[in-house]
Amino acid sequence: MSTLPWYEDVSPGAGALPPRAWYARSDAASLSLGGTWRFRLSPTADSEDESFAAEGYDCGSWGEITVPGHWVLQGKDRGAPAYTNVRYPFPVDPPRVPTENPTGDHLRRFDLPDGWPETGDAVLRFDGVESAARVWLNGEELGTFKGSRLPHEFAVGPLLKRRGNVLALRVHQWSSGSYLEDQDQWWLPGVFRDVTLLHRPEGAARDFFVHASYDHTSATGTLRVECDVPGRVIVPELGIDTATGTGVTVRVEPWSAERPRLYEGELSAGGERIPLRIGFRTVCVEDGVIKVNGRRILFRGVNRHEFHPETGRAVDLATMRRDVELMKRHNINAVRTSHYPPHPAFLDLCDAYGLWVVDECDLETHGFEELDWRANPVDDARWTPALLDRAERMVERDKNHPSVIMWSLGNECGTGAGLTAMAAWIRDRDPLRLVHYEGDRSCADTDVYSRMYPPHAEVEVIGRREDDGPAARRELPFVLCEYGHAMGNGPGGLAEYQRLFERYERCQGGFVWEWIDHGLVHPRYGHAYGGDFGEELHDGNFVCDGLLFPDRTPSPGLVEYKKVIEPVRIEAGTAAGSVRVTNLHDAVDLSAVSFVWSYLVDGESVGSGPLAVPELAAGESAEVRLPAPPEDEREGERTWTVRALLAGDTAWAPGGHEIAWGQLPVSGPLRAVEASGVRPLVEGRRITLGPAVFDARTGEPVALGGISLTGLRLDVWRAPTDNDHGAAWQPDERHGLLWRELGLHRMRHRVDAVETDGEAMTVRTRVAPAARDVGLRTVYRWTSDGTRVGLKVSVTPEGEWRLPLPRLGVRLGLPAAWDRVAWFGGGPGEAYPDTRAAARLGRWRATVDELQTPYLRPQENGARIGTRWVELGDGGGRLRVEGDPVFWFTARRWTSELLDAADHLADLVPGDTVWLNLDHAQHGIGSQSCGPGVLPEHRLHAAPATFSFTFAPLAGESG
Ligand code: GAL
């Protein structure tokens, strides 16, 4: 029998040192080996021999590569990224991998810096290499390793030379480890995290474990640092100066995501001083609830993959910091490091800025699900050493971070004894943190019941602890490790989830899937998704399902999430002229928050000032009187806005940053005055009605006060969103497809009559899809008062409509120059029935181009909700539209049909028309690209409807 090459056997590798705690900096010398390396790519694992590792090898013909970096992202002829969600991109024959196994040889020469100590040892550390590597230093083989997103160190002291060291690395894209790394993301081989040479002074600590607990009953913290060599621990601020291994109890402030209090300390052992950043906190499950420092916490979380649109999973520190700042600014308090331990520096940022972390092991075997989990590595004892190696490398590396409160065994691996072995090892090594794994419904190995994408109704049942399943599971706290699939437009239904999390103590929140779209920079498409690099097997734009666009611009989904999870709730009080303020923080009071009010008349502020709110403790609520409203004679809709702001600067946002807001209507929208009184005049093929001219055959307006108009008619179609389409495995209501099957994207408009009388012009039509017997009787009734025209649309469905409608409204075209938009209504961003929490009433302006939301795969977007009026101007004049009732509008330079046909943003080419949709209603968005569909209350059923608009051509720019 032939033995397998090392990269194909199930072992985790050989020769690496045992794992240990990671820390950024000690006073021991270190040398970063990042930068330009020499590089050679081969098509198979052994198409070149290993002579390159020898000293004196001439690599003059090789190319160059930047380390950290993935070779597929560094130039032509280096292969290409490939995206699959669940399926392995190679035959499933574990642990074997294909002969076509792109192999990158990396070479780096280095000298030791001046002053590098003569004594002691040294280790070479690799923080992340995908997927397997063999390492040589100065011609000597150090060993091999797998476990792409985990650190590996090798002892190299005796091999080091002052000058001319040669570090050689052979990296295989595929290895047995690839079977354990089937996460839903791009396959990106290479040395994508730092490579560092670390001096190890004689007698220095190999490893240390900081235990810093908090007892909320006595407000004390206990610190004990375990270390494999004797040493001392000092924490000057707390007056601690003690031997390692000794526990010290002192009064402290606890660490929490809301107030991440860290104490600077130092561990000195064997001539090395290691800085410590100590956060005291205790996490436990008590009465079926996760508590930290004695209090229930609620995860307002996100799943974060490491991603940068140019460098893939090689993410620089500034980008990591940007992620953390953006999270904090959007009220996010927790991160699940889906689905592997992140760059270790990211966890330092979580400690410093305050984020609860679920640290997940680099383990996913999802591709076996399609094979009924046959040969699943987590259920095959031969793989257990590799699994344990991964668990150990994660826990040992990250154990000193106060932010990490849960270890996750991995993602989507099915079930098996390997997972149990990992959990047992973790519990033994670190009994003071919780263990998470979603894939085993028995929860035999976990401290929490975790699910992904359950519908709201099921969350409610679980919240009541009335769910079926093992009785012991009902005692566990419940988290949604994934929910709110942020693919394209959406996710819808977040606010409804949040209400459940607030109502049921057991429901401790969740982690939206996911933080950022993984769109890779592409010369033709702008940002690429699956298939754009010519992959044979791929999962399309399912890799773009984040709250951030690839360039880290927040999407409307993130703005919505920020509002839904705001830590202060502001709503109408029971007494008139009062507001109820609730502190929804887990632990802190409102002393760091200030409040301001403003009073709006027709969306414009006519007065504002500070509002005194008591420093409510976490969970408390109070009713606060608003001041007397400012005097303002104008007739108009009146609204209070109350905003909660950061009182002072924080590490993540300046003072004044808004964390929450609420609006309290005082009076409702004014009803538009009817435009009537003028007779329609029929002149041959034209009908004139006040400022409007119509085509007498179609009844469509062709001009309004000199503005030419085209194609005004009923519109029910929207370019299906990713959530409308639903993922292939979704059982029902994949509306995007059903709508198309019904023909809603190609409605026919039959004109039955164009009638005039003394008051109005009436156009009777039937709007219906070809080949179907359903239809919408639609009557347009036009009137005018001489300067304005009124349109009343009445829609009566005929036949049996089994599907909701995408939208219901009218669409019309204006010349391309009419692209300056001002409106009074919800804004500033887009909103749909179930994504509307963040839309606030006000006066807003944007250009048509700015109204577009650039979802990577083009789809319906940009609707503005609750519009009282909208004006489109060309700089000289404007068309004003008022609605009764309030309405939605979208304006774009292409039709919904062109939007629907586009695969990438680059396919959208502006035409000579601005298309304006004025919608009476929209169907909700839901989360069906991976999760529940639109909740019943947000569905748009075909039902009789009447709605009106008034159109007025006006001079000058919008005021
Ligand atoms: C989950 C999985 C994630 C991602 C998501 C859909 O099943 O854990 O990695 O694939 O679905 O985007």
Side-chain angles (χ1 to χ4, degrees), residues 600-606 632-637 669-681 683 686-695 700-712 760-761 780 782-792 810-825 827-828 842-851 864 867-884 886-893 910-918 948-959:
L600 311 182
V601 176
D602 277 348
E604 284 183 318
S605 175
V606 296
D632 193 280
E633 296 297 298
R634 270 178 296 168
E635 199 192 357
E637 181 175 353
L670 293 187
R671 302 205 57 170
V673 180
E674 227 183 280
S676 60
V678 165
R679 292 181 71 94
L681 296 175
E683 300 163 328
R686 297 244 175 266
I687 298 175
T688 309
L689 179 60
V693 181
F694 296 82
D695 180 321
E700 284 177 10
V702 293
L704 184 69
I707 312 167
S708 55
L709 302 182
T710 43
L712 189 148
M761 179 188 89
Y780 309 81
W782 292 93
T783 55
S784 176
D785 61 7
T787 51
R788 305 175 304 150
V789 284
L791 167 63
K792 182 165 157 191
V810 296
R811 171 169 96 181
L812 66 153
L814 294 157
W818 296 75
D819 67 349
R820 299 165 201 207
V821 186
W823 75 99
F824 171 32
R843 293 275 192 106
W844 313 104
R845 277 170 190 281
T847 62
V848 166
D849 295 326
E850 288 164 351
L851 289 175
R864 269 37 180 202
T867 313
R868 279 65 171 159
W869 55 256
V870 57
E871 294 181 355
L872 279 82
D874 71 347
R878 60 208 147 99
L879 171 68
R880 181 180 171 99
V881 185
E882 294 176 15
D884 184 14
V886 298
F887 61 101
W888 265 269
F889 81 89
T890 59
R892 44 176 77 103
R893 296 190 176 281
D912 56 7
T913 305
V914 165
W915 291 100
L916 176 65
N917 273 88
L918 306 169
S948 304
F949 302 104
T950 323
F951 299 85
L954 300 173
E957 296 216 39
S958 193

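Keep in mind the model is a prediction, meaning the values are calculated, not measured.
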To the nearest 0.5 Å, tell me how far Arg878 CZ sits from Leu954 CG. 4.5 Å
Between CZ of Arg811 and OG1 of Thr890, what distance do you get to the nearest 0.5 Å? 9.5 Å
For the atom pair CD1 (Ile687) and CD (Glu700), what is the distance rounded to the nearest 0.5 Å? 12.0 Å
Check whether any side-chain heavy atom of Val821 sits under 4.5 Å from a side-chain heavy atom of Leu851, and report yes or no. yes
Hey, what do you get for CZ (Arg788) to CD (Glu674), rounding to the nearest 0.5 Å? 9.0 Å
Supply the atom-to-atom distance Arg820 CZ to Asp874 CG, rounded to the nearest 0.5 angstrom. 7.0 Å
Without swapping roles, check the side chain of Thr847 against the backbone of Asp819 for a donor-acceptor pair under 3.5 Å. no
Would you indicate whether the side-chain heavy atoms of Asp849 and Arg893 approach each other to under 4.5 Å? yes
Closest approach of Ile707 and Pro953, non-hydrogen atoms and distance? CD1-CB, 4.3 Å
Close side-chain approach of Phe824 and Glu637, heavy atoms under 4.5 Å: yes
Stepwise side chain to side chain contact (heavy atoms under 4.5 Å, CB included) test for Trp782 and Phe951: CA-CA 10 Å; Trp782 292 93; Phe951 299 85; 4.1 Å; yes
If I compare all heavy atoms of Ser784 with all of Val789, which pair ends up nearest, and what's the gap? CB-CG1, 3.8 Å
Can a donor-acceptor pair be found between the side chains of Glu683 and Thr688 at a distance below 3.5 Å? yes
Could you walk me through whether Leu600 and Asp602 pass the side chain to side chain contact (heavy atoms under 4.5 Å, CB included) check? CA-CA 6 Å; Leu600 311 182; Asp602 277 348; over 6 Å; no
Least distance between heavy atoms, Ala891 atom then Val848 atom: O-CG1, 3.7 Å
Should Thr913 and Trp818 count as side-chain neighbours, where that means a heavy-atom distance under 4.5 Å? no
Inspect the surroundings of CZ in Arg880 and state if more than 12 heavy atoms from other residues, nucleotides or ligands are less than 6.0 Å away. yes
Would you call the rings of Trp823 and Phe889 parallel, tilted or perpendicular, taking 30° and 60° as the class edges? perpendicular
With the side chain counted from C-beta on, respond yes when Leu918 and Leu916 share a heavy-atom pair under 4.5 Å apart, and no when they do not. yes
Evaluation steps, side chain to side chain contact (heavy atoms under 4.5 Å, CB included), between Leu872 and Leu814: CA-CA 9 Å; Leu872 279 82; Leu814 294 157; 3.6 Å; yes
Of the non-hydrogen atoms in Ala760 and Thr783, which two are nearest, and what is the gap between them? CB-CG2, 3.8 Å
Heavy-atom closest pair, residues Arg868 and Phe887: O-CE2, 3.7 Å
Heavy-atom distance under 4.5 Å between the side chains of Trp888 and Thr867, does that happen here? no
Does any non-hydrogen side-chain atom of Leu712 lie less than 4.5 Å from one of Leu791? yes
Give the intermediate values and the outcome of side chain to side chain contact (heavy atoms under 4.5 Å, CB included) for residues Arg634 and Val606. CA-CA 11 Å; Arg634 270 178 296 168; Val606 296; 3.3 Å; yes
Do Ser708 and Val702 have side chains that get closer than 4.5 Å, going by heavy atoms? no
How far does CG of Asp884 sit from OG of Ser948, to the nearest 0.5 angstrom? 6.0 Å
Do you know which two heavy atoms are closest between Pro691 and Gly786, and how far apart they sit? CD-O, 3.4 Å
